[in-house]
Amino acid sequence: MIPIAKPFLNHEEKEALFAVLNTGMLAQGETVKTFEQQFAKFMGVKHAIAIVNGTAALHAALLAHNIKEGDEVITTTFSFIATANAIRMAGATPVFVDIEENTFNLNPDLIESAITPKTKAIMPVHLFGLPAAMDKITQIAEKHGLVIIEDACQAHGAEYNGKKAGSFGTGCFSFYSTKNMTTGEGGMITTNDDAVAAKIRTIINHGSTEKYYHQHHGYNYRMTNLAAALGIIQLQKLEHFNSRRRENAAALTAALHSIPGILVPELSPGHVYHQYTIRILPAFGKTRKEVVQYLTEKGIGHGIFYPLPIHQQEAYKECNHILFPVAERAAEEVLSLPVHPLVTEENIDQIAEAFHTLQ
Ligand SMILES: *Cc1c(COP(=O)(O)O)cnc(C)c1O
């Protein structure tokens with residue numbers, strides 16, 4: 001069985017966890033501080049604030065930018081539901097736009113027509129590890145005085161024009177078990193803005209700057225030293241993990257690109273392949289359902305990210321009538337294949353063989 005995702009853990013993570021257990025300081029403390037400093041350095045930003053998970057990161061980032069009920073946030077309909085849910089958690093309204101055909105990311109040319117007097121922010125998602133079109137998005141945000149909050153939950157270490165995804169605006173990361181680096185559950189917010197960073201620190205700690213004195217409403221969103229201990233080790237390995245993903249992605253592309261009806265993802269140097277996502281077109285001759293069935297029989301892990309765009313979800317009834325044809329077609333055609341660091345050359349051959357047999 002080749003799983004679609006598997007965390008890469010060894011004795012280093014175990015030793016780091018035991019070291020924290022031996023101190024007896026399990027909740028937030030020095031280990032979290034160290035992880036934050038190292039993540040900020042890696043990202044080339046002033047501040048990194050550790051948090052319980054990626055959804056909380058998006059929520060706290062929105063609150064720190066004063067986004068509230070009555071405000072609108074422009075985002076993509078083709079993402080994990082957490083992107084939109086976080087906007088709702090802040091009391092604001094997600095305004096969806098369609099995606100680009102070949103990147104699966106927010107189409108920057110559709111943003112301006114979605115802007116209203118209520119728009120406060122743009123939330124691009126660097127989906128599957130490929131950065132969104134940050135040059136155009138930054139230009140639009142500057143022109144209209146909008147905040148950028150990046151959902152970089154799938155893009156640890158990804159780069160756009162040599163700059164880290166998550167360092168263009170306020171960056172939000174997840175360290176869930178399937179992500180490019182993990183702390184089990186966990187997250188991080190990155191920013192160069194001192195005031196935003198200070199606000200986030202109070203939001204994640206019950207709105208308090210001094211113990212038992214609370215200036216604002218807040219939450220308990222603090223990361224534990226145990227999670228941070230894992231994060232420190234995983235961050236040291238991240239570049240290696242990402243280069244393994246790139247190698248596997250390049251090998252799969254070499255094996256699959258000439259098959260009629262299989263559309264391979266763009267190979268971009270800044271892509272970190274959180275998912276390696278192909279499209280199955282009618283020209284392939286087999287439906288995606290048939291492909292999925294065959295891969296299952298062969299023990300080849302796979303995933304459909306995502307089978308339903310957010311605007312078509314039952315939980316987003318108020319948006320169900322809107323048409324986003326590019327995202328809707330992507331949802332019907334996408335199929336993700338394993339490229340995580342534990343996928344071997346032999347595994348790649350097995351995956352390639354499956355597609356050549358099916359063809
Ligand atoms: C994983 C993910 C999140 C949420 O992160 P959690 O840590 O699971 O809360 C948000 N957005 C995207 C695009 C994700 O992939």
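Each ligand, and each atom within it, is numbered from 1 in the order the structure gives.
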Atom CE of residue position Met89 - does it have more than 12 heavy atoms of other residues, nucleotides or ligands inside 6.0 Å?
yes

Hey, does Ser174 come in under 3.5 Å of ligand 1, counting only N/O atoms on both sides?
yes

I'd like to check whether Ser79 has a polar contact with ligand 1, where a contact means an N/O of the residue lying under 3.5 Å from an N/O of the ligand.
no

Please state which protein non-hydrogen atom is closest to atom 11 (N) of ligand 1 and give its distance, to 0.1 Å?
Asp151 OD2, 2.7 Å

Can you say whether the rings of Phe104 and Phe78 are parallel (under 30°), tilted (30 to 60°) or perpendicular (over 60°)?
tilted

Per-atom contacts of ligand 1 with Gly54, taking only distances under 4.0 Å to non-hydrogen atoms:
5 (O), 6 (P), 7 (O), 9 (O)

Numbering as shown, the atoms of ligand 1 that approach Asn53 to under 4.0 Å (heavy-atom distance):
7 (O), 9 (O)

Distance from Thr224 atom OG1 to Glu185 atom CD, nearest 0.5 Å?
11.0 Å

Tell me, please: is His274 in heavy-atom contact with ligand 1, that is, under 4.0 Å?
no

Is there a donor-acceptor pair closer than 3.5 Å between any side-chain N or O of His356 and the backbone N or O of Leu256?
no

Short list, please: which atoms of ligand 1 are under 4.0 Å from a heavy atom of Thr83?
11 (N)

How many angstroms lie between OG1 in Thr253 and CZ in Arg246, if you round to the nearest 0.5 Å?
13.5 Å

So, are Glu247 and Arg244 salt-bridged, with charged N and O less than 4.0 Å apart?
yes

Quick one: which ligand 1 atoms are inside 4.0 Å of a heavy atom on Val125?
13 (C)

Taking both backbone and side-chain atoms of Thr55, is any N or O found less than 3.5 Å from an N or O belonging to ligand 1?
yes

Against heavy atoms of Ala82, which atoms of ligand 1 measure under 4.0 Å?
3 (C), 4 (C), 10 (C)

Does the N or O separation between Lys179 and ligand 1 drop below 3.5 Å for any pair?
yes

Is the shortest side-chain N to carboxylate O distance from Glu112 to Lys136 below 4.0 Å?
no

I'd like to check which ligand 1 atoms, numbered from 1 as shown, lie under 4.0 Å from a non-hydrogen atom of Cys153.
2 (C), 3 (C), 10 (C), 11 (N), 12 (C), 14 (C)

Between Lys163 and Phe168, is NZ or CZ placed under 6.0 angstrom from the six-membered ring centre and within 45° of the ring axis?
yes

